[in-house]
Number of protein chains: 2
Amino acid sequence: MVTTHSESAYRGNPYDASCPTRPLLDRIGDRWTVLVVGILGQGDARFSELRRGIEGISQKMLTQTLRGLERDGLVRRTVYPQVPVRVDYALTDAGRTLLDPLRALQEWSIYHLGDVSASQEAYDQLRMGDIGPNAAL
Amino acid sequence: MVTTHSESAYRGNPYDASCPTRPLLDRIGDRWTVLVVGILGQGDARFSELRRGIEGISQKMLTQTLRGLERDGLVRRTVYPQVPVRVDYALTDAGRTLLDPLRALQEWSIYHLGDVSASQEAYDQLRMGDIGPNAAL
DNA sequence: CAGCATCCTTCGTGATACTG
DNA sequence: CAGTATCACGAAGGATGCTG
């Protein structure tokens, strides 16, 4: 038996309101999670390295995200009792399985950014017309 | 020239705070987006069908999610001027490119649910010990 | 350095009521 | 049926100050 995942036959269904995959999906789709995992995919990193690498993330959110990932068994936290203390974060085996899906998401965003932006502008133009200068007078 | 995406050479980088991929990542990783796109991947659907299919989504969030996707050019909204009115939602070609990445995310959640839950329990047990009955007395 | 604790503001979200 | 509009609330998130 080398089943790494749950031995039960229960299969989550995120379309059910109470399904535990809902919060899980929330976490892995989270904006910061995508970026944190992305960086850790390139190798272990210290807290400050992550913080610098992810522009705009607050200390609070970085800590919170890392704790969540650690709790989920996706990230391993290692403390080196030095002075000053040093903490390394690394993806676990499970965490690494997240790399491909999240990279795909990131790539999709980068690749489709142009089209989406154009679509947004067009959409906003039209709606502008609805309430624009000559609208409903 | 059959480039479907932006002709500019600008490549988004979500690690930059001001990069427009940030809000885009937010949208496509959004909990409701994943589920809405998932349903539309199986074929067009009416508003009420979506609402029934995604247990627990409020009317407001469904509308909001669909509007966002429409604005991004990922979903096409078709109104049939009947009484009562009928509105169909369908993925656009661009929207369909989102199917694989989002399905991967969903599958990952379902597949790893067991492991993650187990890890969470273990983690919470340990932290319980820190402040538990015999802690720091 | 790597956090934790606190305050405070903003935003997302749900509930409710109304319309073409 | 498929929304829009409004309100009201809790949680998300940022800023600041402190600690091992």
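Proteins get letters first, then strands, A, B, ... in listed order; numbering begins at 1 in each.
- Read 5' to 3', the first and last nucleotides of DNA chain C with an atom closer than 4.0 Å to a heavy atom of chain A are C:dC1 to C:dC4.
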| message | For a quick check, with a 4.0 angstrom heavy-atom cut-off, what is the B/S/- contact string for nucleotides 2-18 of chain D, read 5' to 3'? | response | SBB--------BB----
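- Going from atom CG of B:Leu113 over to atom CZ of A:Arg22 covers 13.0 Å, rounded to the nearest 0.5 Å.
- To the nearest 0.5 Å, atom OG1 of residue A:Thr65 and atom CZ of residue A:Arg27 are 8.0 Å apart.
- In this structure, A:Arg96 pairs ionically with A:Asp93, as a charged nitrogen and a carboxylate oxygen lie closer than 4.0 Å.
- The two residues B:Leu105 and A:Gly29 come nearest to each other via the heavy atoms CD2-CA, 4.4 Å.
- When only modelled atom types and interatomic distance are considered, A:Glu121 and A:Ser117 share no side-chain donor-acceptor pair under 3.5 Å.
- Remark: B:Ile54 CD1 to B:Trp32 CH2 distance equals 7.5 Å, nearest 0.5 Å.
- A salt bridge between A:Arg71 and B:Asp124 is present, with a side-chain N of the basic residue lying under 4.0 Å from a carboxylate O of the acidic one.
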